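These numbers come from a predicted model, not from an experiment.
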Amino acid sequence: QVRLFQSEAELVQPGSSVRLGCTVGGGGWATDTLAWFRQAPGQEREFVAALDSFTGRTVILDSEKGRFRIHKNEDKISHYLEMNNLKPEDTAVYYCAAKGGALGAPGDDYENWKAYLYWGPGTQVTVSS
């Protein structure tokens, strides 16, 4: 019932910015927490950002604060990850994910990709000159 749709692949130069979109179908409390993970070839899937779709609370990976932001759209079913001043090391497949439960609640393992039930198809972001 729950499906996540993501925007198309991006090929950008270092220093540029992109917005990665995610739209949730059949959501509700089952998709309270929305998140982004990225995975580079040969690397573990890494938490990037999260958004509570009900409260609006956001969390950004500490190492990316100041460059990355997550925004909820006014249509209430979509949001996007904004990434600025992109670097070659940002190159990865970026996945939108969702799970139930309030973001940051006691026992919420929101930084662990294994805790998420629903996943988008992934968006390839390539940062290169």
Participant: Decide yes or no on side-chain contact (heavy atoms from CB on, under 4.5 Å) for V59 and L103, but give the supporting numbers first.
Facilitator: CA-CA 9 Å; V59 177; L103 176 62; 3.9 Å; yes

Participant: Answer yes if V12 and F68 sit in the same cluster of Ile, Leu, Val, Met, Phe, Trp and Tyr residues linked by side chain heavy atoms under 4.5 Å apart, and no otherwise.
Facilitator: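 Cluster IDs for V12 and F68 match.
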
Participant: Take atom CD of E8 as the centre, draw a 6.0 Å sphere, and report whether it contains more than 12 heavy atoms from other residues, nucleotides or ligands.
Facilitator: no

Participant: Can you name the nearest heavy-atom pair linking A115 to D109, along with the distance?
Facilitator: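 Distance-wise, the nearest heavy atoms are CB-O, 3.6 Å.
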
Participant: Are more than 12 heavy atoms, taken from residues, nucleotides or ligands other than R69, located less than 6.0 Å from that residue's CZ atom?
Facilitator: no

Participant: Pairs in or reaching into residues 39-59: which pass salt bridge (Lys or Arg N to Asp or Glu O under 4.0 Å), with residues at least two apart or in two chains?
Facilitator: R38-E46

Participant: In a check of ring-ring contact (aromatic ring centres under 6.0 Å, His included) between F37 and each of Y94, Y95, W119, W113, which one passes?
Facilitator: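 Passing option: W119.
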
Participant: A side-chain contact here means heavy atoms from C-beta on lying under 4.5 Å apart; do S128 and P88 qualify?
Facilitator: no

Participant: Hey, mind stepping through D90 and K87 against salt bridge (Lys or Arg N to Asp or Glu O under 4.0 Å) and telling me if it holds?
Facilitator: CA-CA 5 Å; D90 294 319; K87 307 172 182 178; over 6 Å; no

Participant: Could you tell me the separation between the CG atom of L51 and the OG1 atom of T55, rounded to the nearest 0.5 Å?
Facilitator: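 Atom-to-atom, L51:CG and T55:OG1 are 7.5 Å apart.
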
Participant: Verify, without hydrogens or angle tests, whether N84 (side chain) and S17 (backbone) share a donor-acceptor contact under 3.5 angstrom.
Facilitator: no

Participant: Mark yes or no for whether T31, through its side chain, and K99, through its backbone, hold a donor-acceptor pair below 3.5 Å.
Facilitator: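 It does not hold such a pair.
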
Participant: Look up atom OG1 in T58 and atom CG in L81, then write down how far apart they are to the nearest 0.5 Å.
Facilitator: 11.0 Å

Participant: side-chain contact (heavy atoms from CB on, under 4.5 Å) with S53: which residues, sequence neighbours excluded?
Facilitator: D32, L34

Participant: Walk me through it: do H79 and I70 pass the test side-chain contact (heavy atoms from CB on, under 4.5 Å)?
Facilitator: CA-CA 7 Å; H79 72 279; I70 189 167; 3.6 Å; yes

Participant: Which atom pair, heavy atoms only, marks the closest approach of A40 to A92?
Facilitator: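 That would be N-CB, 3.9 Å.
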
Participant: Applying the 4.5 Å side-chain criterion to the ILVMFWY set and letting contacts propagate, would I60 and V125 be lumped into a single cluster?
Facilitator: yes

Participant: Could you pull out the closest heavy-atom pair between W36 and L20, with the gap in Å?
Facilitator: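 W36 and L20 have their closest heavy atoms at CZ2-O, 3.3 Å.
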
Participant: For C96, does its backbone N or O pair with a side-chain atom of Q6 as donor and acceptor, under 3.5 Å?
Facilitator: yes

Participant: Is there a path from L4 to Y116 through hydrophobic residues (I, L, V, M, F, W, Y) whose side chains come within less than 4.5 Å of each other?
Facilitator: no

Participant: Does L11 offer a backbone N or O that forms a donor-acceptor pair with the side chain of T126 under 3.5 Å?
Facilitator: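 A pair under 3.5 Å: no.
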
Participant: Which pairs with one or both residues in residues 24-68 pass disulfide bond (SG atoms under 2.5 Å apart), sequence neighbours excluded?
Facilitator: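 Applying disulfide bond (SG atoms under 2.5 Å apart) to every pair that reaches into residues 24-68, excluding sequence neighbours, yields nothing.
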
Participant: Can you hop from M83 to F47 via hydrophobic side chains spaced under 4.5 Å?
Facilitator: no

Participant: Do Y110 and V48 land in one hydrophobic cluster if side-chain heavy atoms of ILVMFWY residues count as linked below 4.5 Å?
Facilitator: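 Shared cluster, no.
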
Participant: For the pair F54 and W29, name the ring-plane relationship: parallel under 30°, tilted 30 to 60°, perpendicular over 60°.
Facilitator: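 The rings of F54 and W29 sit tilted, inter-plane angle from 30° to 60°.
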
Participant: Using atom types as modelled and distance alone, determine if a side-chain donor or acceptor of T33 lies under 3.5 Å from a backbone N or O of G101.
Facilitator: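 Flag set: sc T33 to bb G101 pair under 3.5 Å.
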
Participant: For a quick test of reading the model, state the closest non-hydrogen atom pair linking Q39 to Q43 and the distance between them.
Facilitator: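 Looking at all heavy atoms of both residues, the shortest contact is NE2-O, 3.1 Å.
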
Participant: Looking only at heavy atoms, which two atoms of S78 and T23 are closest? And how far apart?
Facilitator: CB-OG1, 3.4 Å

Participant: If you measure from OG on S16 to CD on E10, what distance do you get to the nearest 0.5 Å?
Facilitator: 8.5 Å

